[in-house]
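Worksheet: one structure, shown below.
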Amino acid sequence: MEIKNVILEEELKNVTLEKEGNLAIITINRPKALNALNSDTLKDLDVAITNIENDNDIYCVILTGAGEKSFVAGADIAEMKDLDSKGGEEFGLLGNKVFRRLETLNKPVIAAISGFALGGGCELAMACDIRIASEKAKFAQPEAGLGITPGFGGTQRLPRIVGLGKAKELIYTCAMINAEEALRIGLVNKVVPLENLMDEAKKMAAAINANAPIAVKLCKDAINRGMQVDMDKAIEIEAEDFGKCFDSEDQVEGMTAFLERRAKNFKNN
């Protein structure tokens with residue numbers, strides 16, 4: 001399948017963005033620095049997200065890191081070392097803004113994780129909808145050992161994903177866990193051999209893309225918004241998004257195809 005670059009205006013230095021049909025692939029591309037996140041990389045990622053957000057032909061996203069050693073080894077310590085409290089807060093806000101955009105992007109994002117997902121790398125993976133890890137993947141929030149707290153959402157997303165007690169254990173001790181332990185505690189969805197990682201991520205993306213894109217988008221919206229409120233409000237959110245589906249041609253196509261026992265032809269409208 002033809003792969004084409006989808007960057008419209010700006011040339012990215014530390015991130016690549018490719019398109020395969022209805023799938024976008026973002027790669028954090030600083031392999032010599034184990035794909036560590038500095039300000040420039042975060043800004044590149046922000047540009048990539050904007051491009052994907054504005055491309056109606058993209059239905060699903062895979063986020064990965066260049067090379068086999070590291071998904072993302074963390075935020076760039078060399079950049080952080082001499083920051084004062086204001087600079088630290090601004091760096092944290094930048095990372096959190098970009099990760100929150102990824103988390104609320106109106107398309108599902110699959111993290112394909114090889115090697116290290118430490119600190120900001122673990123936090124980046126947690127901002128994705130689904131996480132697939134290679135057998136060699138390692139996860140940790142090691143910030144307390146560096147004299148800081150997790151700064152890109154780790155103190156908030158990790159407890160929501162693995163539970164309060166386990167999150168506190170991992171954050172307080174800075175323990176590094178392997179892929180199987182990450183699977184056991186629910187931090188990742190699936191563990192696969194390294195050589196199969198991208199194929200498995202693309203296979204899952206294809207299964208997502210076979211469904212109505214508008215419906216998938218609204219499923220993500222309902223889940224994300226509903227998890228932040230009580231059940232009564234959450235049900236209202238679900239009903240709202242459920243109702244929106246009936247304004248789409250894809251809803252008519254999906255139900256008509258079902259009744260006519262034929263293949264569906266969704267057009268994202």
Side chains of [X] and [Y]: does their closest heavy-atom pair fall under 4.5 Å?
X: Leu158; Y: Met126; answer: yes
X: Val98; Y: Ile49; answer: yes
X: Leu17; Y: Ile52; answer: yes
X: Lys233; Y: Glu236; answer: yes
X: Arg262; Y: Thr256; answer: yes
X: Leu37; Y: Val72; answer: yes
X: Met204; Y: Ile110; answer: yes

Any salt bridge between [X] and [Y], counting N to O under 4.0 Å?
X: Lys107; Y: Glu53; value: no
X: Asp129; Y: Lys220; value: yes
X: Glu249; Y: Lys267; value: no
X: Arg101; Y: Asp46; value: yes
X: Glu238; Y: Arg225; value: no
X: Glu240; Y: Lys244; value: yes
X: Glu181; Y: Lys138; value: no

On a heavy-atom basis, which atom in [X] and which in [Y] lie closest, and how many Å separate them?
X: Asn189; Y: Leu183; result: O-CD1, 3.5 Å
X: Ala66; Y: Thr27; result: N-CG2, 3.5 Å
X: Thr41; Y: Ala36; result: OG1-O, 4.0 Å
X: Leu197; Y: Ala133; result: CD1-C, 4.0 Å
X: Asp250; Y: Ala212; result: CB-CB, 4.0 Å
X: Phe152; Y: Arg157; result: O-NH1, 3.5 Å

Supply the atom-to-atom distance [X] [atom1] to [Y] [atom2], rounded to the nearest 0.5 angstrom.
X: Cys122; Y: Glu143; atom1: SG; atom2: CD; result: 8.5 Å
X: Asn29; Y: Asn35; atom1: CG; atom2: CG; result: 7.0 Å
X: Asn22; Y: Ile208; atom1: CG; atom2: CD1; result: 12.5 Å
X: Leu164; Y: Glu169; atom1: CG; atom2: CD; result: 12.0 Å
X: Leu102; Y: Leu63; atom1: CG; atom2: CG; result: 6.0 Å
X: Asn38; Y: Ile77; atom1: CG; atom2: CD1; result: 12.5 Å

Donor-acceptor pair, distance only, cut-off 3.5 Å: does the side chain of [X] make one with the backbone of [Y]?
X: Arg261; Y: Phe258; value: no
X: Asp44; Y: Asn14; value: yes
X: Asp76; Y: Ser39; value: no
X: Glu253; Y: Asn265; value: yes
X: Asn211; Y: Ala207; value: yes
X: Asn96; Y: Gly92; value: yes
X: Ser70; Y: Leu34; value: yes
X: Thr173; Y: Ala175; value: yes
X: Asp84; Y: Gly87; value: yes
X: Asp221; Y: Asp241; value: no

* **Worked verdict on Lys86 versus Glu89 for salt bridge (charged side-chain N to carboxylate O under 4.0 Å, His left out)** => CA-CA 5 Å; Lys86 186 175 186 298; Glu89 182 177 359; over 6 Å; no
* Taking the six-membered ring for Trp, are Tyr59 and Phe266 ring centroids under 6.0 Å apart? -> no
* Is it true that atom CG of Leu146 has more than 12 heavy atoms of other residues, nucleotides or ligands lying nearer than 6.0 Å? -> yes
* Other residues, nucleotides, ligands: >12 heavy atoms within 6.0 Å of Tyr172 OH -> no
* May I have the step-by-step check of side-chain contact (heavy atoms from CB on, under 4.5 Å) for Phe71 and Leu124, ending in yes or no? => CA-CA 10 Å; Phe71 170 69; Leu124 179 59; 4.1 Å; yes
